[in-house]
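If you read the sequence from its start, that first residue is 1, and numbering goes on from there.
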Amino acid sequence: MSCSLSQLRTAIASKISALSGFNQTRFPPGYFARMQNTIAHKAFLVNIRTSQDAPERQRRAGIYLNTTVEVEFAFRLRPKDVYPTDYDAALDAEEDVIRAVLSSYAGVQNGIQIRYNRSSRLVVDTIEYQIHNLEFTARHVLPNT
């Protein structure tokens, strides 16, 4: 069984949507968090940033890829609890997202592997939200047809 790029993005988004309070934003990658009205508490997006040939012999089953996947989400920081209460809660939410993304994808493609690479965090100038950017590498098979 193979997995297209859109199927991979949808599968990851479904895992995150299952977490309490998380909702997928309707803004495309690159526009999330640019303006204050584009973000909401626990709004997220999944960006399929790059794909490249995986260092494995190509087979009839499809094209083996390593795909860089970015997950961005916003966590609201209440005015009087910026640090450390809501900050710690945002870090806990990040861990929940990491665990969700790394969970099994057997229903989408047997053998799909996702690895966590790194996270970065940024508190916006208004101190109203913290933006989390998580990067993963997905190894999957793109269909030949």
Any chance you could measure [X], atom [atom1], to [Y], atom [atom2], to the nearest 0.5 Å?
X: Ile98; Y: Ser103; atom1: CD1; atom2: OG; result: 12.5 Å
X: His41; Y: Arg76; atom1: NE2; atom2: CZ; result: 9.0 Å
X: Asn47; Y: Glu135; atom1: CG; atom2: CD; result: 10.5 Å
X: Ile131; Y: Ser120; atom1: CD1; atom2: OG; result: 10.5 Å
X: Leu122; Y: Gln130; atom1: CG; atom2: CD; result: 8.0 Å
X: Gln52; Y: Asn66; atom1: CD; atom2: CG; result: 6.0 Å

Show the nearest heavy-atom pair for residues [X] and [Y], with the distance to one decimal.
X: Phe44; Y: Ser17; result: CZ-OG, 3.4 Å
X: Ala74; Y: Ala40; result: CB-O, 3.5 Å
X: Thr25; Y: Phe32; result: CG2-CD1, 3.8 Å
X: Ile12; Y: Tyr105; result: CG1-OH, 3.5 Å
X: Leu5; Y: Leu65; result: CD2-CD1, 4.4 Å

I'd like to check [X] versus [Y] (side-chain heavy atoms, cut-off strictly below 4.5 Å). Are they in contact?
X: Glu70; Y: Asn133; value: yes
X: Ile48; Y: Thr67; value: yes
X: Thr85; Y: Tyr87; value: no
X: Val46; Y: Leu8; value: no
X: Val97; Y: Leu19; value: yes
X: Leu45; Y: Gln24; value: no
X: Lys15; Y: Val101; value: no

Heavy-atom donor-acceptor pair, [X] side chain to [Y] backbone, under 3.5 Å:
X: His132; Y: Glu94; value: no
X: Lys42; Y: Ser20; value: yes
X: His140; Y: Ile112; value: no

Checklist entry - Is the CG atom of Asp125 crowded by more than 12 outside heavy atoms at less than 6.0 Å? => result no

Checklist entry - Should the heavy atoms of other residues, nucleotides or ligands under 6.0 Å from CZ of Arg121 be counted, would the total exceed 12? => result yes

Item to check | Tyr116-Ser119 side chain donor-acceptor pair, cut-off 3.5 Å | outcome: yes

Checklist entry - Taking atom types as modelled, is there a side-chain donor on Asn117 or Thr137 under 3.5 Å from an acceptor on the other? => result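 There is such a pair between these side chains.
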
Next on the checklist: Tell me if the aromatic rings of Phe22 and Phe73 count as close, with their centers under 6.0 Å from one another.
Outcome noted: yes

Next on the checklist: Could you go through Ile63 and Val141, starting from their C-alpha distance and side-chain angles, then the distance that decides it, and tell me whether this counts as side chain to side chain contact (heavy atoms under 4.5 Å, CB included)?
Outcome noted: CA-CA 5 Å; Ile63 304 161; Val141 179; 5.9 Å; no

